[in-house]
Enquirer: 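This is the structure, below, for whatever I ask next.
One-based numbering, in listed order, for ligands and for the atoms of each. No experiment lies behind these values; they were computed from the predicted model shown. The chain is numbered in sequence order, starting from 1.
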Amino acid sequence: MAAPGRRPRSTRVLTSAAALGGTLLLSSCQLPRFGAPEPASDQGGHTLGLWQGFFVAAIVVTLFVWVPLAFVLLKYRRTRRARRGDASMPSQKAYNIPMEIGYTVVPVLIVAVLFFFSVRTEHEVTAVSKAPAVRVEVIGFQWGWQFRYLGEGFTVDAPPGEKPQLVLPIGASTNLKLVSTDVNHSFWVPDFLSKRDLIPGVDNEITVTPNRAGTFEGRCAEFCGLDHWKMGFTVRIVPQAQFDSWLAEQKAAGGTASAIPPTTATTSDTSEGSGG
Ligand code: CUA
């Protein structure tokens, strides 16, 4: 297409920068995770999507600032020619109303779009399943964890100094009821890309849908006292069949005795009907 007259050089520089950035992003068929762990749950996948979107937006904004800045710095730098007094000067016009409106409206639009996606992701991540395949009460206490499989009649815990293991099936929704018996704790599995606090007297419940097998580290993410650092656990995600046989084994063994009983049960629970 034969354009009538060349576009100004600044426009050409900006266009090439945008094209280069776009090509770099698209050339890797999958967006990089920008430092986030590979999600081990569907909910973590949503969080990762939001993180990537924010990162790409930040890159675009950065280019939009840096490229014109570099252009101006280079074009109007003080050269030998300038010292002789015949340099070109940038326009010294004081006001540019359309541009001022633009750089007020565009950032507001960017924030609105980011806000929209944040709220959407928050709904996806915090949605609690009405019909979970597994329900576990996660009890946090100073300084350990217990996993009570609701309706199955057994509890997983660990002797002092060892980490208890939460076992979950792949592809099924698990509801985790987060209960604290003393102070605030926080249930954090980095590979799920989310944390949720355990607050005495507050009924926090999350749904996790694991999507790949493996053993993942979990820990308390709220400073809860001297031995806060000891509050580690692991999450083991296994195929459904393996989970079923593990469940049957645990049930056959009867409710495991708790080596570290939580002091007071703030939980009323075991009323299975969730209702609404
Ligand atoms: Cu519990 Cu830190």
Enquirer: Could you check whether Phe54 and Phe117 have their ring centres less than 6.0 Å apart?
Expert: no

Enquirer: For Thr207 and Ser129, indicate whether the former's side chain and the latter's backbone hold a donor-acceptor pair under 3.5 Å.
Expert: yes

Enquirer: Around atom 1 (Cu) of ligand 1, list the protein N/O/S atoms within a radius below 2.8 Å, excluding water molecules.
Expert: His185 ND1, Cys220 SG, Cys224 SG, Met231 SD

Enquirer: State whether Glu205 and Lys177 are salt-bridged, where the test is any N-O pair (Lys NZ or Arg NE/NH1/NH2 against Asp/Glu carboxylate O) under 4.0 Å.
Expert: no

Enquirer: I'd like to check Met231 versus His185 (side-chain heavy atoms, cut-off strictly below 4.5 Å). Are they in contact?
Expert: yes

Enquirer: If the condition is salt bridge (charged side-chain N to carboxylate O under 4.0 Å, His left out), which residues does Lys163 pass it with, not counting sequence neighbours?
Expert: Glu217

Enquirer: May I ask you to test the Val179-Arg148 pair for a side-chain heavy-atom distance under 4.5 Å?
Expert: no

